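Keep in mind that what you see is a predicted model, and the values were worked out from it rather than measured.
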Amino acid sequence: MIRRLAYYGICAGVVLNLLSLAVPRAAAQEGQEGKPAETGAAKSRPQPVPKGGPAPRAADGHVDLSGVWFPGTAGGFSFNPALRRQFDPKATPEEPPPFQPWAAAKIKAMTTTDFELGRASVNCMPRGVPGMFLIDPYPFQLVQTPGLFVQLDELNNNWRVVHTDGRAHNAEPDPSFDGDEVGHWDGDTLVIDVIGIDERTWNNFTGWFHSDQEHVIERVSRPSMNYLVVQVTIEDPKVLSKPWTSAPRVWTLGHEDLLEYYCTNNQDVEQYKQLKSKESSGNNK
């Protein structure tokens with residue numbers, strides 16, 4: 001737990017250092033938010049946790065996804081980037097988002113400060129869907145009961161509830177950060193179908209905005225006792241030229257409770273707005 005608190009301190013330090021630069025670098029690339037500098041532990045040989053045997057099953061026969069899950073293969077918090085890595089791009093390559101030309105041009109015109117101003121963490125907003133999986137470097141807890149799937153994120157203590165009893169989407173859902181989401185089982189995989197996602201959310205740390213037509217499909221499975229795999233497909237006919245599917249991303253079972261983590265009284269957004277004003281006026285000093 002102390003090591004995780006130290007990690008949060010490093011993340012805050014990274015942001016403060018960025019603010020002191022005339023032309024700040026991106027605080028994080030997708031999946032590497034607040035990545036600390038290499039230490040002796042980071043250079044150590046990776047030691048992924050074993051598979052641990054078959055996954056447990058719930059009383060209704062479905063694979064039980066319940067547990068506290070950490071990104072990567074460490075089975076807990078680790079400064080080792082090899083253990084935090086959630087997929088091997090050589091084994092399971094992930095193509096860049098297929099943006100339509102106008103969307104690609106809009107993102108290309110964004111500055112590093114724009115990226116920071118658009119980030120949920122700077123604005124104390126939820127990551128939303130699919131950010132709760134795709135851009136969350138902290139652990140989360142899954143709770144599964146017959147007909148119900150609950151995700152509790154350590155990051156900002158976000159949570160969501162997904163009905164898995166076969167019900168349909170609301171006919172006219174109000175936009176929300178987690179969207180209108182319903183789930184069903186496809187064999188041993190839980191499929192979560194999400195529409196009505198608030199347009200303030202991004203799908204990565206570097207400007208991947210979306211439209212009101214975004215449709216997200218998350219496939220969650222537990223191939224063994226200690227491993228969870230999530231694969232996400234995003235359809236957005238207004239922004240993407242075709243659907244995008246992520247690489248299968250890995251989490252491992254942890255054995256400690258989530259920490260309390262809230263974003264409160266965040267002053268970063270005002271400082272980034274000042275940087276943006278300087279950029280707009282051509283003064284980067």
So, [X] side chain and [Y] main chain: donor-acceptor pair closer than 3.5 Å or not?
| X | Y | result |
| --- | --- | --- |
| Ser241 | Pro98 | yes |
| His210 | Asn203 | no |
| Thr164 | His184 | no |
| Gln86 | Ala247 | no |
| Asn156 | Pro126 | no |
| Arg200 | Ala120 | no |
| Arg84 | Phe79 | yes |
| Asp180 | Pro173 | no |
| Arg127 | Ile135 | yes |

Work out which heavy atom in [X] is nearest to a heavy atom in [Y]; give both atom names and the distance.
| X | Y | answer |
| --- | --- | --- |
| Thr245 | Glu94 | O-CG, 4.4 Å |
| Trp244 | Pro97 | CD1-CA, 3.7 Å |
| Pro50 | Asn226 | O-ND2, 2.9 Å |
| Leu134 | Ser246 | CD2-CB, 4.3 Å |
| Ser221 | Leu65 | C-CD2, 4.1 Å |
| Val232 | Glu218 | CG2-CG, 4.1 Å |

Say you draw a straight line from [atom1] of [X] to [atom2] of [Y]; how long is it, rounded to the nearest 0.5 Å?
| X | Y | atom1 | atom2 | value |
| --- | --- | --- | --- | --- |
| Lys106 | Asp114 | NZ | CG | 10.5 Å |
| Ile192 | Phe133 | CD1 | CZ | 5.5 Å |
| His169 | Ile195 | NE2 | CD1 | 4.5 Å |
| Tyr138 | Leu259 | OH | CG | 10.5 Å |

Under 30°, 30 to 60°, or over 60°: which ring-plane class applies to His62 and Trp185, parallel, tilted or perpendicular?
-> parallel

Could you tell me how the ring of Phe209 sits relative to the ring of Trp102: parallel (under 30°), tilted (30 to 60°) or perpendicular (over 60°)?
-> tilted

Decide, yes or no, whether a salt bridge links Lys242 with Glu95 under the criterion of side-chain N to carboxylate O below 4.0 Å.
-> yes

Under a 4.5 Å side-chain heavy-atom rule over Ile, Leu, Val, Met, Phe, Trp and Tyr, are [X] and [Y] clustered together?
| X | Y | answer |
| --- | --- | --- |
| Val63 | Phe149 | yes |
| Trp251 | Phe87 | no |
| Leu253 | Val250 | no |
| Val49 | Val229 | yes |
| Val162 | Phe140 | yes |

Side chains of [X] and [Y], heavy atoms from C-beta outward: is any pair under 4.5 Å?
| X | Y | value |
| --- | --- | --- |
| Lys51 | Pro223 | no |
| Ile107 | Thr206 | no |
| His163 | Val182 | no |
| Tyr261 | Asn157 | yes |
| Leu142 | Gln144 | no |
| Asp212 | Pro175 | no |
| Val239 | Phe99 | yes |
| Gln151 | Trp69 | no |

Kindly indicate, with the supporting measurements, whether the criterion side chain to side chain contact (heavy atoms under 4.5 Å, CB included) is fulfilled by Phe77 and Phe70.
-> CA-CA 7 Å; Phe77 177 78; Phe70 284 78; 4.3 Å; yes

Under the side chain to side chain contact (heavy atoms under 4.5 Å, CB included) criterion, do Asn158 and Phe177 qualify, and how do the steps go?
-> CA-CA 10 Å; Asn158 293 158; Phe177 288 107; over 6 Å; no

So which pairs with a foot in residues 181-195 pass salt bridge (Lys or Arg N to Asp or Glu O under 4.0 Å), sequence neighbours left out?
-> Arg57-Asp188, Arg160-Glu181, Asp186-Arg219

Donor-acceptor side-chain pairing of Asp64 and Ser66 below 3.5 angstrom | yes

Pick out which of Asp153, Leu155, Val230 makes a side chain to side chain contact (heavy atoms under 4.5 Å, CB included) with Met132.
-> Asp153

Step-by-step side chain to side chain contact (heavy atoms under 4.5 Å, CB included) determination, Val220 to Leu228 | CA-CA 7 Å; Val220 187; Leu228 185 82; 3.9 Å; yes

Can you list the steps and then say if Val68 with Asp257 is a side chain to side chain contact (heavy atoms under 4.5 Å, CB included)?
-> CA-CA 7 Å; Val68 175; Asp257 292 334; 5.6 Å; no

Evaluate whether atom CG of Asp165 has more than 12 neighbouring non-hydrogen atoms of other residues, nucleotides or ligands under 6.0 angstrom away.
-> yes

